[in-house]
Amino acid sequence: MSEETRPTETPVVPAHGYGESLFQPWRPGEGERIDLGSQAYDGFTRARLRALGAGPGSRVLDVGAGTGTIARWLATEVGAEVLAVDRDVRFLEPYAGGRLRTLAADVTAPGFDPGRFDLVHARFLLMHLPGHREVAARLAGLLVPGGHLVLGDAVDLTTAGAPDTPYRLAMRAMWRALRTGIGTDVGWTPGYPRLLRELGLTAVGAEVLVPELTAGSPIAGFWLETWARIREAMLATGLVDAAVLGEAERALAEGTAADLSPGLITAWGRRP
Ligand SMILES: C[S@@+](CC[C@H](N)C(=O)[O-])C[C@H]1O[C@@H](n2cnc3c(N)ncnc32)[C@H](O)[C@@H]1O
């Protein structure tokens, strides 16, 4: 595990909100960038949600729903009754209606209590938030007895150890920039199963997907778009310069990186 993804006692908490100054979601292309990530990870997430019993009539809360690819699938194809929550619902609102309701809300705000659910899902959210344990506990508290909490976040299997290829250096710069700009911390995510058990959940399980990092794959596109969007912040870390970043981009675009993508760890547990 590299310095950028090692667990910290004191997470960096920037004064501004979730990555607005870093990702500038109002700039064109942000929805498409998030969708590339969804293409890489959605199949894995869907299979797990199905296995945990998502079905017609299930009451589901999707927190930090983003562009809503999971929330929309749950509502339209699974037949669940879905509440999709995000601080920024601009990408969700066009799909609201029928079995999909949307709510603009901050999950960390005092009094966040949108109801009780059979399934509560949050993907790529807690790693960006300070106090992930408290947020996980709050989400567990929204389950009906027998309901499942399903949490997914990035797990970094790449940046530790030699050799320092341009790709690895770029990834380290990315994690450092995210930690400085948002407070993102993926150092603790391998501890998800223990965290869920400590919250009193039972039948805890976890699994990891590392999507293929081949030329033209959705995840390669996602990292290229992410690097492009936060380029200045990555360069400001001093861990890469423009030449190294350019080499890393070429390796990713041409499929010669010969490395692992950050993975998705999905962990779940049932409220007794
Ligand atoms: C990386 S995106 C993940 C989107 C989606 N869950 C996915 O997996 O594709 C994180 C989302 O969480 C939202 N978010 C960040 N902080 C939040 C908070 N405190 N309360 C609610 N939503 C938040 C962001 O607006 C963003 O849409």
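Counting starts at 1 for both ligands and their atoms, following the listed order. Keep in mind that the numbers below use all heavy atoms, side chains included, and drop hydrogens, waters and symmetry copies.
- The heavy atom nearest to atom 14 (N) of ligand 1, considering only Leu126, Leu125, Ile70, Thr67, is found in Leu125.
- Which parts of ligand 1 touch Ala65 is read off a 4.0 Å heavy-atom cut-off, strictly below it: atoms 5 (C).
- By the criterion of a heavy-atom distance under 4.0 Å, both the backbone and the side chain of Asp106 are placed next to ligand 1.
- For the atom pair CD (Glu134) and NE2 (His132), the distance works out to 8.0 Å, reported to the nearest 0.5 Å.
- Each of the following atoms of ligand 1 lies closer than 4.0 Å to a heavy atom of Ala105: 20 (N), 21 (C).
- For ligand 1, the atoms closer than 4.0 angstrom to any heavy atom of Leu129 are 16 (N), 19 (N).
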May I have the step-by-step check of side-chain contact (heavy atoms from CB on, under 4.5 Å) for Leu139 and Leu126, ending in yes or no? CA-CA 11 Å; Leu139 295 179; Leu126 270 64; 4.3 Å; yes

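- Side-chain heavy-atom separations under 4.5 angstrom define the hydrophobic clusters, and Phe91 shares its cluster with no other residue.
- Of the N or O atoms in Thr69, none lie within a sub-3.5 Å distance of an N or O in ligand 1.
- Here the options are Leu151, Thr189, Leu209, the test is side-chain contact (heavy atoms from CB on, under 4.5 Å), and the partner is Ile265; only Thr189 passes.
- Closest approach of Leu199 and Arg133 over heavy atoms only: CD2-O, 4.5 Å.
- Of the N or O atoms in Asp86, one or more lie within a sub-3.5 Å distance of an N or O in ligand 1.
- Polar contact check, Val63 against ligand 1: no nitrogen or oxygen pair lies under 3.5 Å apart.
- Near Gly66, the atoms of ligand 1 lying under 4.0 angstrom from a non-hydrogen atom of the residue are 4 (C), 27 (O).
- Here the closest heavy-atom approach between residue Leu100 and residue Tyr95 is recorded as CD2-O, 3.5 Å.
- Leu49 and Leu74 make their closest contact through CD1-CD1, 4.3 Å (heavy atoms, listed as atom of the first residue, atom of the second, distance).
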Steps toward salt bridge (charged side-chain N to carboxylate O under 4.0 Å, His left out) verdict (Asp185, Arg179): CA-CA 6 Å; Asp185 182 358; Arg179 184 171 284 197; 3.0 Å; yes

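- Of the polar atoms of Gly64, at least one N or O is found under 3.5 Å from an N or O of ligand 1, judged by distance alone.
- Through side-chain heavy atoms spaced under 4.5 Å, either directly or across other Ile, Leu, Val, Met, Phe, Trp or Tyr residues, Val89 is tied to Leu92.
- Contact analysis puts Ser38 in contact with ligand 1, with a non-hydrogen atom separation below 4.0 angstrom.
- The residue from Arg87, Glu30, Arg33, Arg90 that puts a heavy atom closest to atom 18 (C) of ligand 1 is Arg87.
- Ligand-side atoms of ligand 1 in range of Arg123: 3 (C), 5 (C), 6 (N), 7 (C), 8 (O), 9 (O), range being under 4.0 angstrom from any heavy atom.
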